[in-house]
Amino acid sequence: MVVKDFLSLEAIAVLPKEVKLEKNDVLNKIALIGQDVYGLDHDFAHQSLIKREQASSTGMGLGIALPHARSDRFNNIVGIFIRLSNPIEFQSLDRLPVDLVFGIFAPETQSIDYLKSLSGVARKLRDPVTQELLRRNSEPSVLHTILCQE
């Protein structure tokens with residue numbers, strides 16, 4: 001499963017330096033975008049992300065986080081990308097603050113596609129060239145193109 005299959009242009013946000021957030025605020029923002037763009041139940045999506053983070057942090061290192069949740073209440077695999085101009089603490093393994101956040105929601109019934117989507121996003125975000133391009137650009141359409149390139 002490739003990113004373009006589950007990431008809508010409208011599900012990309014760039015938060016300016018003036019916006020000071022903490023981890024829970026970012027998880028809430030992911031759930032809000034999920035509600036606005038994909039029709040997810042905001043409260044359920046937010047609580048699902050919190051529950052997943054309580055199990056272990058989804059901070060991958062290198063300034064990247066991949067919060068995700070699965071439930072029968074999600075109908076399709078959907079993605080949300082947020083670039084933070086003001087990096088935040090995310091309890092990542094390398095302890096570096098996070099500025100690239102890719103959220104994924106998926107139904108329980110799509111295990112294989114869910115794992116493919118997670119691994120595809122992780123692989124893409126670990127690429128140093130992709131990281132640099134994402135950090136240098138703030139236009140959602142450009143970020144969408146970078147993320148959806150195969």
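Side-chain atoms are counted along with the backbone in the values below, which use heavy atoms only and exclude waters and symmetry mates. Fair warning: this is a prediction, and the values are worked out from it, not measured in the lab.
With a 4.5 Å cut-off on side-chain heavy atoms, Ile30 and Leu49 count as touching.
For Lys124, the NZ atom sits in a packed shell: over 12 heavy atoms of surrounding residues, nucleotides or ligands are nearer than 6.0 Å.
Residues Leu125 and Leu115 fall within the same hydrophobic cluster, defined by Ile, Leu, Val, Met, Phe, Trp and Tyr side chains chained together at heavy-atom separations under 4.5 Å. Cluster annotation: Val142 is connected to Leu7 through the hydrophobic network of ILVMFWY side chains, with a link wherever side-chain heavy atoms come within less than 4.5 Å.
By the 4.0 Å N-to-carboxylate-O rule, Arg73 lies close enough to Asp41 to be salt-bridged with it.
Nearest approach of Pro107 to Arg70, heavy atoms of both residues: O-NE, 3.9 Å. Among all heavy-atom pairs drawn from Leu134 and Leu100, the shortest one is CB-CD2, 4.0 Å. When every heavy atom of Lys23 is checked against every heavy atom of Glu89, the shortest pair comes out as CB-O, 3.9 Å.
Defined by atom type and a distance below 3.5 Å, a donor-acceptor pair is missing between the side-chain atoms of Ser71 and Glu108. Defined by atom type and a distance below 3.5 Å, a donor-acceptor pair is missing between the side-chain atoms of Asp36 and His42. For the residue pair Arg52 / Ser56, a side-chain donor-acceptor distance below 3.5 Å is found, with atom types taken as modelled.
For the atom pair NZ of Lys4 and CG of Leu147, the computed distance is 13.5 Å after rounding to the nearest 0.5 Å. Expressed to the nearest 0.5 Å, how far CG of Asn75 lies from CZ of Phe105 amounts to 13.0 Å. Atom CD1 of Ile12 and atom NE2 of His144 lie 5.0 Å apart (nearest 0.5 Å).
Judged as a ring pair (Phe, Tyr, Trp, His ring centres under 6.0 Å), and not counting sequence neighbours, Phe90 has no contacts.
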> Between Phe44 and Phe74, is a ring-ring contact (aromatic ring centres under 6.0 Å, His included) present by the stated rule, with each step listed?
Replying inline: CA-CA 10 Å; Phe44 182 77; Phe74 303 132; 5.6 Å; yes
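Using a 30° and 60° split on the angle between ring planes, His68 and Tyr114 fall in the tilted class, from 30° to 60°.
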